[in-house]
Enquirer: 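My questions will all concern the structure given below.
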Amino acid sequence: MNFERMTVEQIKDSILNKLHTQFACDVADATPEQLYQALALVVRDEIMQRRSASRDARKAQQAKKVYYLSAEFLVGRALHNNMVNLVNETNYMKALDELGIDRSVVFEEEPEPGLGNGGLGRLAACFLDSLTTLKLPAMGCTIRYEFGLFRQRLVDGYQVEVPDNWLASGNIWEIPHPQDAVDIHFGGRIETYEDNGRTYYRHLDYKTVQAMPYDIPVVGYDSTKVNFLRTWSAKAVNQIDMGRFNRGQYVQAMEERELAEVISKILYPNDDSYQGKELRLKQQYFFSSASIQFAVKEFIDTYGYNFAIFPDKVAIHINDTHPAVAIPELMRILMDDYGLGWDEAEAICRRTFAYTNHTVLVEALEKWPESLFREQLPRVYMILEEMNRRLCAKLWDAFPGQWERIGHMAILAYNQVHMANLCVAYTHSVNGVSAIHTDILKRQTFHDFYMLEPRKFVNVTNGITHRRWLMQCNPELSSLIDEAIGDEWRKDMKKIEALKPFADDPAFRQKFEEIKYHNKLRLADAVFRHQGIEMNPDSIFDAQAKRLHEYKRQLMNALGIMMLYNDIDEHPEKEFHSRTFIFGAKAAPGYHRAKLTIKLINAVGDLVRKHPRASKLINVVFLENYCVSQAELLMPATEISQQISTAGKEASGTGNMKFMMNGAVTLGTMDGANCEIYDQVGADNIYIFGLTAQEVESGYATYRAHDIYETNPKVRKVMEQLIDGTLCPENPRMFQEIYHSLLFGDYGGMADPYFVLKDLTSYITTQKEMMADYDNRDLWLRKAVLNTACSGLFTSDRSIEEYNRLIWHLKPLKL
Ligand code: 26W
């Protein structure tokens, strides 16, 4: 279908009009924030014109819809992205130029919604973009956190957390829908009564919190399809308790309100490590229940009470276990509110829900104390008991007498609620996020379930939206690709493989190199403006950007830099290529080791800066507050992408895909989606080192980190430097615990459980090979171009097509 795009003249008029009517000003006297708001309002209008068409079409076509439930959606800024997806970027840019408005100033005015920690949240955002572009009916459901992920400051090399008050000056993109507000009940008690031979349940004495939805539109690329991200905000039903107020209890009169509204106050900053906090459980139930209530209401509005067809019209996706409580919640609503029997309700749930696992780290698997569930969600808890009873009965038939195994698979066991077991047992599909990860799920994490229902387990390798992660963030490279192979790749990313032959075209390679250089300048300029740090664009830009975790091994990167430093120091005669090591990483505020690693990286940077020769050859840059907008600058500027997790630990990774799509060459282990990147680019265009996942697995029994320390003088030297005052003369013991953990282990655990010292030697050797190749410009640029050319598989359009084919079975809307 064709639709009108706004012309340059129309855009200019509309911007001026918004400035006049909203802010009573002109371009000349508008603040940057007012310019941003005016422009955003114009873009929003253009989006909203498409919205009604797409909603009416879904109703008329009675199309199945997916509700993607996720505690996080790390959407990033919307303004520029929406212009790109409206395919009207050129007109908007022209209009801004003609009005004399500096676009980069305006874009930077937009507060970035930090409604996610890392990979899982960003993946959900990429998926919404692809769902909409593929014209699939979908809604993202999450929490409208008033404070997103903390902002990171660096003070003396330490991380300092600052609250992220992203809603302080409002959010242009969200539309409140008070008519869709729903009540959520916490606490209280359950009364049962019999009627006509059936048991009924009555929930009494509960506390009510209202869930108020705010919708953020998501625009499909070059289509009239608009989907929404529904964000739920907690509101007290009684703003003020007038009874108490009249009795003079002013503070108490507000108390209930504060207790209710704290639910959507802040995003928990833990990534991959679970803590059983009551408020987090309340958050999970809050947005899951609200979303399920809404999905049921929408179903009834369209199809009436014919629940038998519910799974044919509604798919509900559980993004990791955080929204798992949605499953017993749908059971509850179907039985208690609509009178369905257990078997019928269970069959509907099984056919409706699907679950994605995002991590195999045991410390990340959610297990809640049963008592918390019983107190906060008494009716849901009763349903879980019955779900567990029925599951265990089945398991008893399958594994008679094997109590330990059954305990391992149960929903309720050892006074805990096992959310992953709930998901695996009561959904129709369980998927991992890369080939190796799904394999580990089948062979280890969920092996016993896999034996019973092998066909339930599927793989869908993650993807990223190439619209944000190539077209928007790297416009110059995108135009160069257009020149070479036409622009069809923008709509169908598979077609980017047509770029492969250009890897052998010297003129193309040279242009590719020039663009990389421009992007390096762009990044250097931004880093200088924000942090006052200079980056030499003629050095190699080598980046590791991801949450800080021991398994991701930023520590190994830091030790590697120290070894390079020693090499430079000991060999004044040797030549080295100048290199900028870029880190971007937030540490969970309570994760002490991770925070110390940030300090270590910065201390290594300081050490290098003090050395006359090393300071010219090495620069360590720690990007403050790594977030989506920073990533958009970093990906296009990077030449070496470090993906160096202990094999078997990183479920997929998605930063690895963003870097390679922008022509960075990967230095990595055979882990997560690095394996698929290897398959796509071939062994010559990626640098793989280190243990395999199998070797790690068998290494736990035999590995002795101390042996490496004893036999390798270079490793011994950096280890000693951690504790001899080299890094921090005023406090030589600063990094002692890292030293101790690598050589002796923490709290009686094994030494170096992430095999840092074990992989360090092959890591260094591989980097040396890489440096030699880098100097051969033709060879290196060929690899870089091939990385972009081979990145077609990693578009999230492909991931979503697979989810749809294997799991959801939605039909694209005819618009
Ligand atoms: C309850 C604490 C908690 C919080 C977040 C546990 C687990 C998580 C997430 C599952 C962590 C996460 O973001 N995992 C990442 O998901 C990405 C998208 O699939 C993968 O690419 C990453 O490899 C994986 O670490």
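Whatever order the structure lists ligands and atoms in, that order sets their numbers, starting from 1. These numbers were taken from a predicted model, which means no experiment stands behind them.
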Enquirer: How far is atom 22 (C) of ligand 1 from the closest protein heavy atom, and which atom is that?
Expert: Glu650 OE1, 3.4 Å
Enquirer: For Arg280, counting its heavy atoms only, list the atoms of ligand 1 lying under 4.0 Å from any of them.
Expert: 1 (C)
Enquirer: Using a 4.0 Å heavy-atom threshold (strictly under), name the region of Arg122 that reaches ligand 1: side chain, backbone, both or neither.
Expert: neither
Enquirer: Mark up the atoms of ligand 1 that fall under 4.0 Å of a heavy atom belonging to Ala364, in ascending order.
Expert: 6 (C)
Enquirer: Tell me, which protein residue and heavy-atom name are nearest atom 12 (C) of ligand 1, and how many Å apart are they?
Expert: Leu120 CB, 3.8 Å
Enquirer: For a side chain to side chain contact (heavy atoms under 4.5 Å, CB included) with Phe73, tell me which candidate from Asn319, Thr142, Leu123, Leu120 qualifies.
Expert: Thr142
Enquirer: Is the Phe457 ring parallel, tilted or perpendicular to the Phe446 ring (thresholds 30°, 60°)?
Expert: tilted
Enquirer: Please report whether ligand 1 has a polar contact with Thr359, defined as an N or O pair separated by less than 3.5 Å (distance criterion only).
Expert: no
Enquirer: Please verify the inter-ring angle class for Tyr450 with His447; under 30° counts as parallel, over 60° as perpendicular, anything in between as tilted.
Expert: tilted
Enquirer: My understanding is that we take every heavy atom of each candidate and find the minimum distance to atom 17 (C) of ligand 1. Doing that for Gly119, Gly118, Ala651, which one comes out nearest?
Expert: Gly119
Enquirer: Run the numbers on Gln767 and Tyr687 for side chain to side chain contact (heavy atoms under 4.5 Å, CB included), then give the verdict.
Expert: CA-CA 8 Å; Gln767 291 198 48; Tyr687 294 84; over 6 Å; no
Enquirer: Check for me whether the distance between the ring centres of Phe794 and His466 falls short of 6.0 Å.
Expert: no
Enquirer: Which residue and atom name correspond to the protein heavy atom nearest atom 15 (C) of ligand 1, and how close is it?
Expert: His358 O, 3.8 Å
Enquirer: Pick one: which of Gln416, His418, Gln284, Gln275 meets side chain to side chain contact (heavy atoms under 4.5 Å, CB included) with Glu366?
Expert: Gln284
Enquirer: Measure the acute angle between the ring planes of Phe127 and Tyr68, then classify it against the limits of 30° and 60° as parallel, tilted or perpendicular.
Expert: perpendicular
Enquirer: Can you name the atoms of ligand 1, numbered from 1 with element, that are less than 4.0 Å from a heavy atom of Asp320?
Expert: 10 (C)
Enquirer: Nearest protein heavy-atom contact for atom 11 (C) of ligand 1: which residue, which atom, what distance?
Expert: Asp272 OD1, 2.9 Å
Enquirer: Of Thr359, Thr438, Asn462, Leu441, which is the lone residue that meets side chain to side chain contact (heavy atoms under 4.5 Å, CB included) with Val433?
Expert: Asn462
Enquirer: Do Lys282's NZ or CZ and the ring of Phe186 fall within the cation-pi criteria of under 6.0 Å and 45°?
Expert: yes
Enquirer: What is the nearest protein non-hydrogen atom to atom 2 (C) of ligand 1, stated with its residue, atom name and distance?
Expert: Ser273 O, 3.5 Å
Enquirer: Using a 4.0 Å cut-off to any heavy atom of Tyr551, which atoms of ligand 1 qualify?
Expert: 25 (O)
Enquirer: Could you establish whether Val433 and ligand 1 come within less than 4.0 Å of each other, counting only heavy atoms on the residue side?
Expert: yes
Enquirer: Taking only heavy atoms of Gly653, which atoms of ligand 1 are found under 4.0 Å from at least one of them?
Expert: 20 (C), 21 (O), 22 (C), 23 (O)
